[in-house]
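Heads up, the thing below is written out as structure tokens.
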Amino acid sequence: MLLVGAAFLAAPAWPHTSPAAPDVAAGLVQDSHLDLLLRNLYWNHDRKQGQPDNREWGQGLRLAFRSGYTPGPLGLGLDLNAYGIVNLGGRREYQGRAGVLVPDGRGGVHDESSTAEGAVKLKGYASELRYGNNLRPYNPVFAPADTRLLPASATGLWLTSQPRPDLFLEAGRMTRARDFNQVSHDGRFYASYAGVSTDQVVFLGGRHDLDEATRLTAYGSEFRDIWKQLYLAAGHTLVMPGGNALNLDLSAYRSLDSGAKRAGDIDVTAWGLALSYTAGAHTFKVARQQVHGDQPMDYLGMGPGTYHDSIFLPNSSQLADFNGPREKSWGFFYALDLGKLGGARLPGASVQMRYVRGSGANGNHLAPGSPYAFYAANEKHWESDIDLRYVVQSGSARNLSMRLRYAMHRMTQGTSGASSNQFRLIVEYPLPIF
């Protein structure tokens with residue numbers, strides 16, 4: 001599920017990294033960078049109705065080395081990553097299910113875990129090709145999540161190109177997965193809700209900005225022997241007198257079963273329409289989301305029982321995606337940038353809130369034996385989230401960030417989900433080394 005809550009009031013800010021850059025190489029060594037990121041994460045998932053709680057607390061350390069490129073029309077480079085996490089304690093009966101720490105295979109978690117990964121890269125002609133096991137594309141059909149101590153990553157080939165400032169293109173063929181709670185790079189890709197897996201995902205797509213106000217997006221993907229999926233989106237921003245802005249975003253997925261149909265029959269169209277208004281420090285948004293089809297709008301998993309970010313629909317939230325078969329939902333959102341307030345300005349601080357209510361999800365039309373046969377008829381549920389964040393703006397602790405996320409989900413009718421509360425506290429400190 002889409003857990004990048006910091007951007008939920010605007011069009012998805014992707015590509016958030018664009019490996020393709022101008023063809024200027026200062027040299028393999030001279031342009032190299034080494035960065036350290038410290039992330040401390042406490043995760044408390046309080047499940048209702050007698051289900052087990054999930055509570056994990058850990059410290060993560062990330063080293064990221066990015067080389068420059070060899071001179072010439074085609075430049076060769078290398079990226080390396082090293083990760084380590086430490087268990088900071090907690091009762092054993094609550095551990096092993098939150099995905100923050102690495103399971104030990106015996107119902108608990110490892111006290112310490114580490115892994116390393118890398119990729120070679122070839123750049124030229126406004127394009128870049130990467131091959132390795134640290135690939136992290138982030139787009140509507142393939143978006144590994146970075147919401148725990150370890151970021152998820154994939155093994156494969158990834159080509160990006162930005163021939164013009166207003167055009168970004170990419171294609172990828174991924175063959176192995178490493179989930180955010182694993183250190184091995186030989187995992188498979190999953191249909192998150194169906195729980196079935198594949199050994200290959202391919203995708204192709206991009207984004208074109210028609211002008212400063214209008215943007216178009218198109219992506220296609222195939223999860224071998226599970227589904228083929230198409231994503232289309234359009235957005236327009238109208239800047240009004242006084243600097244206020246009105247933003248309209250329309251997004252849609254079309255998913256059809258493919259090959260051996262490991263998830264059974266799939267014939268789903270899901271769409272979302274979001275209208276937001278920004279006035280100074282305040283942003284208000286209302287969104288409508290709907291699923292047409294007898295299966296849910298399913299998306300990428302990188303391990304059994306985990307959910308990632310490739311559902312770019314407006315009502316996908318911290319605990320629920322509102323993506324059940326035939327489900328309809330309304331979402332209401334508010335964001336406050338305290339750095340833009342008048343006399344009470346607090347640069348670096350923000351507050352975001354959302355409330356989403358869904359109804360009409362219906363599993364009565366699923367085929368016998370479908371892996372999605374956990375839906376009841378006319379399901380109803382709601383979710384309320386709050387996200388508080390502060391980033392230190394100056395001094396020795398500059399860029400230190402603190403974030404608190406709290407979500408409450410309630411199933412008022414149905415069997416596909418559980419009522420629960422979730423609390424996360426994330427403290428990060430990035431440290432450039434060279």
Side-chain angles (χ1 to χ4, degrees), residues 1-13 48 140 147 233-240 243-253 270-292 296-297 299 307 309 311-341 349-361 378-389 403-414 416-424:
M1 56 194 58
L2 187 59
L3 297 173
V4 189
F8 69 74
L9 283 159
K48 307 301 180 181
T147 54
H236 182 76
T237 301
L238 175 64
V239 179
M240 306 172 72
N244 298 343
L246 189 66
N247 189 83
L248 180 67
D249 282 293
L250 174 64
S251 54
Y253 286 90
W271 60 269
L273 179 65
L275 178 67
S276 63
Y277 177 69
T278 299
H282 308 274
T283 299
F284 306 87
K285 186 171 99 171
V286 60
R288 171 68 169 180
Q289 183 173 306
Q290 189 164 342
V291 178
H292 302 270
M297 164 57 212
Y299 57 92
Y307 301 84
D309 288 354
I311 177 168
F312 281 33
L313 292 174
N315 289 344
S316 178
S317 302
Q318 184 169 325
L319 294 177
D321 291 310
F322 299 90
N323 60 337
R326 306 191 181 192
E327 182 166 11
K328 307 174 183 68
S329 61
W330 285 97
F332 304 92
F333 310 79
Y334 171 71
L336 174 63
D337 183 348
L338 278 78
K340 296 181 179 179
L341 285 177
S350 63
V351 180
Q352 298 178 352
M353 294 180 285
R354 74 165 70 202
Y355 175 81
V356 183
R357 179 174 289 273
S359 63
N378 193 27
E379 294 200 343
K380 299 177 182 179
H381 60 140
W382 59 266
E383 179 169 335
S384 178
D385 300 350
I386 185 168
D387 189 328
L388 309 176
R389 185 172 184 179
R403 186 178 183 187
L404 186 153
R405 303 184 67 186
Y406 183 80
M408 179 185 297
H409 177 243
R410 293 294 181 267
M411 288 293 301
T412 55
Q413 183 172 310
S416 65
S419 294
S420 60
N421 302 333
Q422 189 182 87
F423 170 84
R424 307 181 198 174

Contacts of Trp271 that satisfy side chain to side chain donor-acceptor pair (under 3.5 Å) - sequence neighbours left out:
His292

So, the side chain of Tyr253 versus the backbone of Pro140: is there a donor-acceptor pair under 3.5 Å, distance only?
yes

Decide side chain to side chain donor-acceptor pair (under 3.5 Å) for Asn247 and Thr237; before the verdict, give the C-alpha distance in whole Å, the side-chain angles of both, and the deciding distance to 0.1 Å.
CA-CA 4 Å; Asn247 189 83; Thr237 301; 2.5 Å; yes

So, do Asn323 and Ile311 sit near enough that their side-chain heavy atoms are less than 4.5 Å apart?
yes

Using a 3.5 Å distance criterion without hydrogens, assess whether the side chain of Tyr307 forms a donor-acceptor pair with backbone atoms of Leu319.
no

Quick one: OH on Tyr355 to CD1 on Ile386, what's the gap to the nearest 0.5 Å?
15.5 Å

Tell me whether the count of non-hydrogen atoms from other residues, nucleotides or ligands lying under 6.0 Å of NZ in Lys380 goes above 12.
no

Heavy atoms from other residues, nucleotides or ligands near NZ of Lys48 exceed 12 (cutoff 6.0 Å)
yes

Kindly indicate, with the supporting measurements, whether the criterion side-chain contact (heavy atoms from CB on, under 4.5 Å) is fulfilled by Arg410 and Asn421.
CA-CA 9 Å; Arg410 293 294 181 267; Asn421 302 333; 3.0 Å; yes

Option among Asn244, Leu341, Asp337 that satisfies the side chain to side chain contact (heavy atoms under 4.5 Å, CB included) test with His282:
Leu341

Where Asp385 and Ala407 come nearest, the two heavy atoms and their spacing:
OD1-CB, 3.2 Å

4.5 Å side-chain heavy-atom contact, Asp321 and Met297:
no

Applying side-chain contact (heavy atoms from CB on, under 4.5 Å) to Arg357 and Phe322, what does each step give before you reach the verdict?
CA-CA 8 Å; Arg357 179 174 289 273; Phe322 299 90; 5.8 Å; no

Indicate yes or no: at least one non-hydrogen side-chain atom of Arg424 is less than 4.5 angstrom from one of Thr147.
yes

Smallest heavy-atom separation, Asn315 atom then Phe333 atom, equals OD1-CZ, 3.6 Å

Expected output: side-chain Glu327 to main-chain Glu379 donor-acceptor under 3.5 Å:
no

Going through the distances and angles, do Asp309 and Tyr299 end up as a side-chain contact (heavy atoms from CB on, under 4.5 Å)?
CA-CA 8 Å; Asp309 288 354; Tyr299 57 92; over 6 Å; no

Chi angles and distances behind the side-chain contact (heavy atoms from CB on, under 4.5 Å) call for Ser419, His381:
CA-CA 9 Å; Ser419 294; His381 60 140; over 6 Å; no

Between Ser317 and Arg354, the two heavy atoms sitting closest are OG-NH1, 3.1 Å

Which atoms form the tightest heavy-atom contact between Val291 and Pro325, and what is the distance?
CG1-CA, 4.4 Å

CG (Leu336) and CD (Gln352) are apart, to the nearest 0.5 Å, by 10.0 Å

Between the side chains of Asp387 and Arg403, is the shortest nitrogen-to-carboxylate-oxygen separation below 4.0 Å, so that they form an ion pair?
yes

Atom of Thr283, atom of Ser276 and distance for their closest heavy-atom approach
CG2-CB, 4.4 Å

State, to 0.1 Å, how close Trp330 and Arg288 come at their nearest heavy-atom pair, and which atoms those are.
NE1-NH1, 2.9 Å

Main-chain N/O of Gln318 paired with Glu383 side-chain donor or acceptor, under 3.5 Å:
yes

